[in-house]
Amino acid sequence: MSVNFYSTNSPEIFKKFNYNPNTNSYNIFNNVNTTGQLSADTFDYSKNDGKISLKDKLKNFAKGIISPITNMFKSPKNFAIGAGTIALVSALTVATGGAIAPFLVAAGVIGGGIQVGVSAYKAHIAKTDDEAKQAWQGIGAGTAAVVGSVAGAKAAAKGGGIQGAEKMNPLQATLECIKNAPKAISKSFKAFTSGEFITNLGLKKPAVKQDEVKTDAKTEAEPKAETTAEPKAEVKPKTEAEPKAETTAEPKAEVKPKTEAE
């Protein structure tokens, strides 16, 4: 296909062949030959106006989903921050005996939802393609935070001591974690103020209560009392000695020959 450049008004060429509203791109005709015709040899040039294609949206959305992992390996500093965050969350969970787990789920869901909303607004008002791409990465990262929190909500509800957590589905467990977030903070605070966190971390053995010591002492003393009482009840030597007394008494009463001889 070719267009005669000399016989056609140039603005009409640009209207018909230069801009494609479907792909949001221009078709720039190059290699003008000696006859004044434009060849169909073209290349695409997109406007940098923040209106990216569906393919770019999905691509950057996927980048946002895996961004928590990929960002850790971009630099030693990012890796240290990411590893430190994971270690801190794990230590808090162990130190509080799992009490803080529902709060972490609630924070992940709410925080991720806010990130999705803010990033969606930024994508809508983006003035450049880079701004739009960054916004879609933010949408992906927020979505990953919400999905990850929902996936771990059931285990968090169990760890937080929420009743009936075993029978809940992930969505029900997520709602319960959000409802019990204030209680989770209160229990976690008590674990630190009471010193229970030291025992939970394994730095100190759990103290044995006095009531438990008394009950253990009683249970140990009971079998000893039973073993000493039984032999006394079974000893019956007197009953065995009675027949001997009868046998010795009988011959003395029967001997009478001496009286007859006299």
Side-chain angles (χ1 to χ4, degrees), residues 63-116 118-119 137-138 140-221:
K63 285 183 178 180
I65 290 177
I66 62 174
S67 62
I69 300 173
T70 56
N71 287 338
M72 284 183 62
F73 296 95
K74 285 184 177 180
S75 67
K77 181 180 178 181
N78 288 353
F79 183 84
I81 293 173
T85 302
I86 294 172
L88 178 61
V89 171
S90 300
L92 283 174
T93 304
V94 175
T96 59
I100 201 171
F103 170 75
L104 295 176
V105 170
V109 172
I110 296 173
I114 292 173
Q115 186 177 9
V116 170
V118 172
S119 298
Q137 289 182 23
T143 302
V146 173
V147 173
S149 299
V150 172
K154 189 170 183 177
K158 289 180 182 179
I162 298 176
Q163 295 181 354
E166 297 82 2
K167 299 179 181 180
M168 297 179 186
N169 59 45
L171 292 178
Q172 291 174 337
T174 301
L175 292 175
E176 289 299 320
C177 285
I178 294 173
K179 291 179 182 178
N180 287 272
K183 292 182 180 179
I185 296 174
S186 178
K187 289 181 180 179
S188 301
F189 183 74
K190 288 180 180 178
F192 283 98
T193 55
S194 64
E196 183 183 351
F197 75 99
I198 299 175
T199 304
N200 292 334
L201 291 173
L203 302 177
K204 181 180 178 182
K205 293 183 179 180
V208 180
K209 297 180 181 179
Q210 293 182 353
D211 295 338
E212 295 177 356
V213 175
K214 290 180 180 179
T215 53
D216 293 339
K218 289 180 180 179
T219 53
E220 290 177 358

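Hydrogens, waters and symmetry mates play no part in the numbers below; they use all other heavy atoms, side chains included.
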When you look at [atom1] of [X], are more than 12 heavy atoms from neighbouring residues, nucleotides or ligands closer to it than 6.0 Å?
{"X": "K183", "atom1": "NZ", "result": "no"}
{"X": "F189", "atom1": "CZ", "result": "no"}
{"X": "Q163", "atom1": "CD", "result": "no"}

List the atom of [X], the atom of [Y], and the distance in Å for their closest heavy-atom pair.
{"X": "I65", "Y": "G140", "value": "CG1-O, 3.5 Å"}
{"X": "K167", "Y": "Q172", "value": "O-OE1, 4.2 Å"}
{"X": "V116", "Y": "G142", "value": "CG2-C, 3.5 Å"}
{"X": "V146", "Y": "G113", "value": "CG2-N, 3.5 Å"}
{"X": "G112", "Y": "A145", "value": "CA-CB, 4.0 Å"}
{"X": "A157", "Y": "A165", "value": "CB-CB, 3.7 Å"}

What distance do T143 atom OG1 and Q115 atom CD have between them, rounded to the nearest 0.5 Å?
->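 Nearest 0.5 Å value for the OG1-CD distance: 8.5 Å.
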Find out whether V94 and L201 are in side-chain contact, i.e. whether some heavy atom of one side chain is under 4.5 Å from a heavy atom of the other.
->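 Side chain of V94 against side chain of L201, heavy atoms only: contact under 4.5 Å found.
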Using a 4.5 Å cut-off on heavy atoms from C-beta on, say whether the side chain of K190 contacts that of S186.
->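 Sidechains of K190 and S186: in contact.
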